[in-house]
Protein chains: 2
Amino acid sequence: MEQQQISAYLLKNGIRPLQKRVKIMSYLVSKRNHPTVDMIYGDLIHEINGLSKTTIYNVLNLFVQSGVALALNIEGNEVRYDADTSTHGHFKCKICTGVIDFRIRQEELPRPTLEGFRIDEQHYYIKGVCSFCANKIEA
Amino acid sequence: MEQQQISAYLLKNGIRPLQKRVKIMSYLVSKRNHPTVDMIYGDLIHEINGLSKTTIYNVLNLFVQSGVALALNIEGNEVRYDADTSTHGHFKCKICTGVIDFRIRQEELPRPTLEGFRIDEQHYYIKGVCSFCANKIEA
DNA sequence: GTGTTTTTTGTAATGATTACAAAATTACTA
DNA sequence: TAGTAATTTTGTAATCATTACAAAAAACAC
(Lines give C-alpha, C1' and ligand atoms only; values in the text may rest on other atoms or scores of the structure.)
Protein backbone atom coordinates (compact mmCIF):
# COMPACT_ATOMS: atom_id res chain seq x y z
CA MET A 1 0.00 0.00 0.00
CA GLU A 2 1.29 3.43 -0.87
CA GLN A 3 1.51 6.38 1.43
CA GLN A 4 -1.47 8.00 -0.29
CA GLN A 5 -3.67 5.01 0.41
CA ILE A 6 -2.47 4.83 4.01
CA SER A 7 -3.23 8.50 4.51
CA ALA A 8 -6.73 8.07 3.13
CA TYR A 9 -7.26 5.01 5.33
CA LEU A 10 -6.19 6.86 8.48
CA LEU A 11 -8.31 9.87 7.57
CA LYS A 12 -11.34 7.67 7.03
CA ASN A 13 -10.88 6.40 10.57
CA GLY A 14 -10.64 9.81 12.13
CA ILE A 15 -6.85 9.98 12.36
CA ARG A 16 -5.01 12.95 10.93
CA PRO A 17 -2.43 11.46 8.58
CA LEU A 18 0.70 13.10 9.95
CA GLN A 19 4.07 12.02 8.62
CA LYS A 20 5.16 9.78 11.46
CA ARG A 21 1.75 8.21 11.81
CA VAL A 22 1.74 7.32 8.14
CA LYS A 23 5.23 5.86 8.35
CA ILE A 24 4.39 3.77 11.39
CA MET A 25 1.20 2.46 9.81
CA SER A 26 3.09 1.85 6.59
CA TYR A 27 5.63 -0.20 8.54
CA LEU A 28 2.93 -2.27 10.21
CA VAL A 29 1.12 -2.92 6.95
CA SER A 30 4.17 -3.85 4.89
CA LYS A 31 6.06 -5.89 7.49
CA ARG A 32 3.12 -7.82 8.95
CA ASN A 33 5.49 -9.16 11.59
CA HIS A 34 3.45 -8.30 14.71
CA PRO A 35 6.22 -6.14 16.10
CA THR A 36 6.73 -4.90 19.62
CA VAL A 37 7.36 -1.21 20.25
CA ASP A 38 11.06 -1.94 20.47
CA MET A 39 11.11 -3.70 17.11
CA ILE A 40 9.35 -0.76 15.46
CA TYR A 41 11.70 1.69 17.13
CA GLY A 42 14.80 -0.27 16.16
CA ASP A 43 13.75 -0.39 12.51
CA LEU A 44 12.32 3.10 12.05
CA ILE A 45 14.96 5.04 13.95
CA HIS A 46 17.20 4.79 10.89
CA GLU A 47 14.46 5.92 8.57
CA ILE A 48 12.76 8.71 10.49
CA ASN A 49 14.93 11.51 11.75
CA GLY A 50 14.59 12.18 15.46
CA LEU A 51 12.00 9.57 16.28
CA SER A 52 11.11 9.09 19.92
CA LYS A 53 9.93 5.87 21.46
CA THR A 54 7.24 7.83 23.26
CA THR A 55 5.83 8.81 19.89
CA ILE A 56 5.52 5.16 18.92
CA TYR A 57 3.60 4.46 22.12
CA ASN A 58 1.37 7.48 21.48
CA VAL A 59 0.67 6.60 17.88
CA LEU A 60 0.04 2.91 18.54
CA ASN A 61 -2.36 3.71 21.36
CA LEU A 62 -4.19 6.04 19.02
CA PHE A 63 -4.31 3.34 16.34
CA VAL A 64 -5.76 0.81 18.77
CA GLN A 65 -8.35 3.24 20.11
CA SER A 66 -9.36 4.20 16.59
CA GLY A 67 -9.66 0.57 15.55
CA VAL A 68 -7.00 0.50 12.84
CA ALA A 69 -4.67 -1.77 14.81
CA LEU A 70 -4.94 -4.58 17.33
CA ALA A 71 -2.86 -4.94 20.47
CA LEU A 72 -1.94 -8.60 20.89
CA ASN A 73 -1.41 -9.89 24.42
CA ILE A 74 0.04 -13.33 23.99
CA GLU A 75 2.91 -13.16 26.43
CA GLY A 76 2.67 -11.26 29.68
CA ASN A 77 5.83 -9.28 29.12
CA GLU A 78 5.25 -7.94 25.63
CA VAL A 79 2.52 -6.29 23.58
CA ARG A 80 2.58 -6.80 19.84
CA TYR A 81 0.72 -4.79 17.24
CA ASP A 82 -1.15 -5.89 14.15
CA ALA A 83 -2.59 -3.66 11.43
CA ASP A 84 -4.77 -6.53 10.20
CA THR A 85 -8.01 -6.03 12.11
CA SER A 86 -9.95 -8.73 10.32
CA THR A 87 -10.83 -12.00 12.04
CA HIS A 88 -7.78 -14.23 12.28
CA GLY A 89 -5.78 -16.17 14.83
CA HIS A 90 -2.18 -15.97 15.99
CA PHE A 91 0.41 -18.63 16.60
CA LYS A 92 3.42 -17.90 18.78
CA CYS A 93 6.45 -20.17 18.58
CA LYS A 94 8.15 -20.72 21.91
CA ILE A 95 11.51 -21.33 20.26
CA CYS A 96 11.96 -18.55 17.68
CA THR A 97 9.44 -16.26 19.45
CA GLY A 98 7.89 -15.34 16.10
CA VAL A 99 4.15 -14.71 15.73
CA ILE A 100 2.33 -15.80 12.58
CA ASP A 101 -1.26 -15.42 11.45
CA PHE A 102 -3.61 -18.22 10.64
CA ARG A 103 -6.90 -17.81 8.85
CA ILE A 104 -10.13 -18.49 10.67
CA ARG A 105 -13.53 -17.41 9.55
CA GLN A 106 -15.69 -15.44 11.94
CA GLU A 107 -18.30 -18.23 11.88
CA GLU A 108 -15.75 -20.79 13.02
CA LEU A 109 -15.21 -19.13 16.36
CA PRO A 110 -17.53 -20.57 18.98
CA ARG A 111 -20.19 -18.11 20.05
CA PRO A 112 -20.66 -18.69 23.78
CA THR A 113 -24.03 -18.08 25.38
CA LEU A 114 -23.35 -14.80 27.12
CA GLU A 115 -26.85 -13.41 27.52
CA GLY A 116 -26.89 -9.62 27.51
CA PHE A 117 -23.13 -9.29 27.02
CA ARG A 118 -21.70 -6.90 24.45
CA ILE A 119 -18.83 -8.46 22.50
CA ASP A 120 -16.22 -6.04 21.18
CA GLU A 121 -13.17 -8.17 20.44
CA GLN A 122 -12.50 -11.86 19.97
CA HIS A 123 -8.96 -13.18 20.32
CA TYR A 124 -7.75 -16.66 19.56
CA TYR A 125 -4.12 -17.56 19.90
CA ILE A 126 -2.09 -20.73 20.06
CA LYS A 127 1.30 -21.34 21.59
CA GLY A 128 3.66 -24.10 20.56
CA VAL A 129 6.55 -24.79 18.22
CA CYS A 130 6.44 -23.83 14.55
CA SER A 131 7.32 -26.37 11.85
CA PHE A 132 10.68 -24.78 11.11
CA CYS A 133 11.82 -24.98 14.73
CA ALA A 134 10.28 -28.44 15.16
CA ASN A 135 12.43 -29.69 12.27
CA LYS A 136 15.55 -28.23 13.79
CA ILE A 137 14.85 -29.99 17.09
CA GLU A 138 14.44 -33.35 15.37
CA ALA A 139 17.64 -32.98 13.38
CA MET B 1 -11.67 -28.87 47.81
CA GLU B 2 -9.96 -29.54 51.10
CA GLN B 3 -6.32 -29.00 51.89
CA GLN B 4 -5.71 -32.75 51.80
CA GLN B 5 -7.01 -33.02 48.27
CA ILE B 6 -5.03 -29.98 47.17
CA SER B 7 -1.86 -31.46 48.65
CA ALA B 8 -2.44 -34.71 46.81
CA TYR B 9 -3.13 -32.85 43.59
CA LEU B 10 0.08 -30.83 43.84
CA LEU B 11 2.09 -33.91 44.72
CA LYS B 12 0.68 -35.79 41.75
CA ASN B 13 1.97 -32.96 39.55
CA GLY B 14 5.46 -33.01 40.98
CA ILE B 15 5.03 -30.09 43.38
CA ARG B 16 5.93 -30.50 47.04
CA PRO B 17 2.80 -29.46 48.93
CA LEU B 18 4.32 -26.87 51.25
CA GLN B 19 2.02 -24.76 53.40
CA LYS B 20 2.05 -21.56 51.38
CA ARG B 21 1.76 -23.39 48.09
CA VAL B 22 -1.28 -25.25 49.34
CA LYS B 23 -2.87 -22.03 50.58
CA ILE B 24 -2.26 -20.22 47.32
CA MET B 25 -3.65 -23.10 45.27
CA SER B 26 -6.55 -23.35 47.69
CA TYR B 27 -7.26 -19.66 47.14
CA LEU B 28 -7.19 -20.04 43.36
CA VAL B 29 -9.45 -23.06 43.42
CA SER B 30 -12.05 -21.68 45.82
CA LYS B 31 -12.22 -18.09 44.55
CA ARG B 32 -12.11 -18.82 40.81
CA ASN B 33 -11.82 -15.08 40.23
CA HIS B 34 -8.77 -15.09 37.91
CA PRO B 35 -6.80 -12.92 40.28
CA THR B 36 -3.68 -10.90 39.63
CA VAL B 37 -0.69 -11.27 41.93
CA ASP B 38 -1.77 -8.12 43.74
CA MET B 39 -5.25 -9.47 44.36
CA ILE B 40 -3.85 -12.69 45.81
CA TYR B 41 -1.40 -10.79 47.94
CA GLY B 42 -4.05 -8.37 49.21
CA ASP B 43 -6.31 -11.24 50.27
CA LEU B 44 -3.79 -13.70 51.67
CA ILE B 45 -1.61 -11.23 53.58
CA HIS B 46 -4.22 -11.26 56.36
CA GLU B 47 -4.38 -15.03 56.40
CA ILE B 48 -0.76 -16.08 56.04
CA ASN B 49 1.71 -14.65 58.48
CA GLY B 50 4.70 -12.99 56.86
CA LEU B 51 3.80 -13.60 53.24
CA SER B 52 5.99 -12.00 50.61
CA LYS B 53 4.84 -10.93 47.18
CA THR B 54 7.95 -12.55 45.74
CA THR B 55 6.73 -15.88 47.08
CA ILE B 56 3.48 -15.47 45.18
CA TYR B 57 5.40 -14.84 41.98
CA ASN B 58 7.61 -17.85 42.67
CA VAL B 59 4.75 -20.18 43.47
CA LEU B 60 2.60 -19.07 40.54
CA ASN B 61 5.48 -19.48 38.11
CA LEU B 62 5.99 -22.96 39.49
CA PHE B 63 2.28 -23.73 39.10
CA VAL B 64 2.28 -22.58 35.48
CA GLN B 65 5.42 -24.54 34.63
CA SER B 66 4.01 -27.64 36.28
CA GLY B 67 0.73 -27.27 34.43
CA VAL B 68 -1.58 -26.84 37.41
CA ALA B 69 -2.41 -23.21 36.57
CA LEU B 70 -2.77 -21.04 33.49
CA ALA B 71 -1.36 -17.55 33.07
CA LEU B 72 -3.95 -15.42 31.27
CA ASN B 73 -2.70 -12.56 29.13
CA ILE B 74 -5.77 -10.59 28.23
CA GLU B 75 -4.60 -7.10 29.00
CA GLY B 76 -1.03 -6.02 28.39
CA ASN B 77 -0.51 -4.63 31.86
CA GLU B 78 -1.69 -7.54 33.97
CA VAL B 79 -1.32 -11.29 34.19
CA ARG B 80 -4.15 -13.26 35.75
CA TYR B 81 -4.02 -16.81 37.02
CA ASP B 82 -6.50 -19.63 36.68
CA ALA B 83 -6.39 -23.00 38.40
CA ASP B 84 -8.88 -24.40 35.91
CA THR B 85 -6.66 -25.87 33.21
CA SER B 86 -9.43 -27.48 31.23
CA THR B 87 -10.55 -26.07 27.88
CA HIS B 88 -12.62 -22.93 28.38
CA GLY B 89 -12.76 -19.31 27.27
CA HIS B 90 -12.52 -16.03 29.14
CA PHE B 91 -14.57 -12.87 28.95
CA LYS B 92 -13.16 -9.61 30.25
CA CYS B 93 -15.51 -6.72 30.97
CA LYS B 94 -14.06 -3.34 30.10
CA ILE B 95 -16.19 -1.61 32.71
CA CYS B 96 -15.90 -3.67 35.89
CA THR B 97 -12.60 -5.29 34.76
CA GLY B 98 -13.84 -8.70 35.93
CA VAL B 99 -12.93 -11.88 34.09
CA ILE B 100 -15.44 -14.71 33.81
CA ASP B 101 -15.24 -18.16 32.28
CA PHE B 102 -17.39 -19.48 29.50
CA ARG B 103 -17.62 -23.10 28.51
CA ILE B 104 -16.36 -24.24 25.15
CA ARG B 105 -15.63 -27.76 24.16
CA GLN B 106 -12.23 -28.60 22.75
CA GLU B 107 -13.86 -29.69 19.49
CA GLU B 108 -15.50 -26.30 19.04
CA LEU B 109 -12.20 -24.47 18.73
CA PRO B 110 -11.15 -24.18 15.10
CA ARG B 111 -8.15 -26.31 14.26
CA PRO B 112 -6.12 -24.29 11.79
CA THR B 113 -4.03 -26.00 9.18
CA LEU B 114 -0.58 -25.56 10.66
CA GLU B 115 1.35 -28.35 9.00
CA GLY B 116 4.15 -29.65 11.20
CA PHE B 117 3.38 -27.28 14.06
CA ARG B 118 3.25 -28.52 17.65
CA ILE B 119 0.31 -27.03 19.56
CA ASP B 120 0.80 -26.68 23.31
CA GLU B 121 -1.83 -24.15 24.41
CA GLN B 122 -4.99 -22.73 22.91
CA HIS B 123 -6.39 -19.47 24.27
CA TYR B 124 -9.68 -17.86 23.38
CA TYR B 125 -10.79 -14.67 25.04
CA ILE B 126 -13.41 -12.04 24.41
CA LYS B 127 -13.48 -8.41 25.47
CA GLY B 128 -16.62 -6.36 25.88
CA VAL B 129 -19.17 -5.35 28.48
CA CYS B 130 -20.83 -7.86 30.78
CA SER B 131 -24.61 -7.95 31.16
CA PHE B 132 -24.54 -6.40 34.62
CA CYS B 133 -22.54 -3.38 33.47
CA ALA B 134 -24.53 -3.14 30.22
CA ASN B 135 -27.71 -2.80 32.27
CA LYS B 136 -26.22 -0.08 34.41
CA ILE B 137 -25.24 1.90 31.31
CA GLU B 138 -28.77 1.68 29.91
CA ALA B 139 -30.37 2.78 33.16
C1' DG C 1 18.80 -33.47 67.15
C1' DT C 2 22.36 -32.08 63.49
C1' DG C 3 23.52 -31.05 58.95
C1' DT C 4 21.97 -30.48 54.17
C1' DT C 5 18.79 -29.07 50.78
C1' DT C 6 14.95 -26.42 49.48
C1' DT C 7 11.98 -22.48 50.04
C1' DT C 8 10.88 -17.94 51.38
C1' DT C 9 11.95 -13.32 52.17
C1' DG C 10 13.15 -8.49 51.27
C1' DT C 11 15.63 -5.34 48.95
C1' DA C 12 17.55 -3.84 44.80
C1' DA C 13 17.62 -4.08 39.83
C1' DT C 14 15.34 -4.32 35.49
C1' DG C 15 12.22 -3.25 31.80
C1' DA C 16 8.01 -1.66 29.80
C1' DT C 17 4.88 2.02 29.84
C1' DT C 18 2.98 6.54 31.11
C1' DA C 19 3.02 11.52 32.85
C1' DC C 20 4.18 15.88 31.83
C1' DA C 21 5.98 20.15 30.28
C1' DA C 22 8.78 22.19 26.67
C1' DA C 23 9.80 22.28 21.79
C1' DA C 24 8.32 21.50 17.24
C1' DT C 25 5.00 20.96 13.84
C1' DT C 26 0.64 21.68 11.67
C1' DA C 27 -3.48 24.18 10.68
C1' DC C 28 -5.99 28.46 10.45
C1' DT C 29 -6.79 33.21 9.36
C1' DA C 30 -6.01 37.68 7.94
C1' DT D 1 2.74 34.91 3.45
C1' DA D 2 3.24 35.95 8.19
C1' DG D 3 1.30 35.40 12.67
C1' DT D 4 -1.23 32.88 15.92
C1' DA D 5 -3.60 28.98 17.94
C1' DA D 6 -4.07 24.13 18.34
C1' DT D 7 -2.06 19.76 18.02
C1' DT D 8 1.76 16.59 18.09
C1' DT D 9 6.27 15.09 19.31
C1' DT D 10 10.01 14.83 22.30
C1' DG D 11 12.82 13.57 26.30
C1' DT D 12 13.23 13.02 30.88
C1' DA D 13 11.37 11.46 35.06
C1' DA D 14 7.99 8.71 37.38
C1' DT D 15 5.42 4.52 37.89
C1' DC D 16 4.38 -0.22 38.04
C1' DA D 17 5.00 -5.17 37.43
C1' DT D 18 8.34 -8.55 37.58
C1' DT D 19 12.87 -10.74 38.40
C1' DA D 20 17.62 -11.33 40.56
C1' DC D 21 19.99 -12.45 44.36
C1' DA D 22 21.79 -13.37 48.83
C1' DA D 23 20.45 -14.06 53.59
C1' DA D 24 17.14 -16.17 56.71
C1' DA D 25 13.87 -19.69 57.55
C1' DA D 26 11.75 -24.00 56.89
C1' DA D 27 11.63 -28.79 55.47
C1' DC D 28 13.91 -33.03 55.03
C1' DA D 29 17.23 -36.98 55.87
C1' DC D 30 19.85 -39.63 58.78
Side-chain angles (χ1 to χ4, degrees), chain A residues 3 6-7 10-11 13-27 34-66 68-81 97 99, chain B residues 3 6-8 10-11 13-27 34-66 68-81 92 97 99:
Chain A
Q3 307 248 320
I6 300 227
S7 293
L10 293 180
L11 206 51
N13 285 276
I15 299 167
R16 299 211 309 201
L18 305 177
Q19 291 184 8
K20 294 179 183 178
R21 291 174 177 175
V22 173
K23 291 227 170 145
I24 291 171
M25 177 54 78
S26 185
Y27 175 89
H34 313 89
T36 62
V37 166
D38 269 359
M39 291 163 71
I40 301 174
Y41 182 72
D43 284 348
L44 289 186
I45 185 67
H46 306 297
E47 193 173 320
I48 305 178
N49 205 276
L51 175 68
S52 162
K53 203 178 276 191
T54 306
T55 299
I56 301 179
Y57 279 106
N58 288 340
V59 169
L60 289 176
N61 285 343
L62 175 66
F63 284 175
V64 171
Q65 280 165 33
S66 305
V68 297
L70 295 176
L72 308 182
N73 306 117
I74 299 178
E75 224 70 68
N77 55 351
E78 66 177 20
V79 181
R80 284 163 175 267
Y81 294 90
T97 74
V99 173
Chain B
Q3 307 249 321
I6 302 230
S7 292
L10 293 181
L11 206 52
N13 286 277
I15 299 167
R16 298 213 308 202
L18 306 177
Q19 290 184 9
K20 294 180 184 180
R21 291 174 177 175
V22 173
K23 291 228 169 146
I24 292 171
M25 177 54 78
S26 185
Y27 175 89
H34 314 88
T36 62
V37 166
D38 269 359
M39 291 163 70
I40 301 173
Y41 183 72
D43 284 348
L44 289 186
I45 185 67
H46 307 296
E47 195 173 319
I48 305 177
N49 205 276
L51 174 68
S52 161
K53 202 178 277 190
T54 305
T55 299
I56 302 179
Y57 279 105
N58 287 342
V59 170
L60 289 175
N61 285 343
L62 176 66
F63 284 176
V64 171
Q65 281 164 34
S66 305
V68 296
L70 295 176
L72 308 182
N73 305 119
I74 300 178
E75 224 70 68
N77 55 351
E78 64 176 23
V79 180
R80 285 162 174 269
Y81 294 90
K92 165 138 188 180
T97 74
V99 173

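Side-chain atoms are counted along with the backbone in the values below, which use heavy atoms only and exclude waters and symmetry mates. In the text below, chain A, chain B and the rest are named by the order of the sequence lines, each starting its count at 1.
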Whole angstroms only, please: what is the CG-P distance between A:Leu10 and C:dT26? 15 Å
Tell me whether B:His34 contacts the main-chain N or O of B:Tyr81 through its side chain, where contact means a donor paired with an acceptor under 3.5 Å. no
Phosphate OP1/OP2 of D:dT19 contacted by B:Asn61 side-chain N/O (<4.0 Å): yes
For the backbone of B:Val68 and the side chain of B:Ser66, can you confirm whether one donor and one acceptor N or O come within less than 3.5 Å of each other? no
Between A:Arg21 and A:Ile15 (side chain of the first, backbone of the second, donor and acceptor by atom type, cut-off under 3.5 Å), is there such a pair? no
Specify the separation, in whole Å, of atom CG of A:Leu51 and atom C1' of C:dT25. 15 Å
The nucleotide from C:dG10, C:dT8, C:dT26 with an atom nearest the side chain of A:Gln19 is C:dT26
Rounded distance (Å) that lies between atom C1' of D:dA27 and atom NZ of B:Lys20: 13 Å
Any side-chain N or O of A:Tyr57 below 4.0 angstrom from OP1/OP2 of C:dT18? no
Please figure out whether B:Arg21 or B:Gly76 has its closest DNA chain C nucleotide nearer the 5' end. B:Arg21
Whole-Å distance, A:Tyr81 OH to C:dA16 P, equals 12 Å
Measure the distance from CE on B:Met25 to P on C:dT7 and round it to the nearest whole Å. 15 Å
Upstream residue (5' side of DNA chain D) when B:Glu78 and A:Ile48 are each assigned their closest nucleotide: A:Ile48
Selection from C:dA19, D:dT18, D:dT9 that lies nearest to any side-chain heavy atom of A:Val59: D:dT9
So what does A:Asp38 hit on the nucleic acid, given a heavy-atom distance under 4.0 Å: a base, only sugar-phosphate, or nothing? sugar-phosphate
Among the candidates C:dT6, D:dT8, C:dT18, find the nucleotide nearest to the side-chain atoms of A:Arg16. D:dT8
Whole-Å distance, B:Lys53 NZ to C:dA12 P, equals 16 Å
Whole angstrom is fine here: how far is it from CG in A:Asn73 over to C1' in D:dA17? 14 Å
B:Lys92 with B:Glu78: basic N within carboxylate O range, under 4.0 Å: yes
Steps toward side-chain contact (heavy atoms from CB on, under 4.5 Å) verdict (B:Ile74, B:Val99): CA-CA 9 Å; B:Ile74 300 178; B:Val99 173; 4.2 Å; yes
Between B:Val37 and B:Leu18, the residue closer to the 5' end of DNA chain D by nearest nucleotide is B:Val37
Could you tell me the separation between the CD1 atom of B:Ile24 and the C1' atom of C:dT7, rounded to a whole number of Å? 12 Å
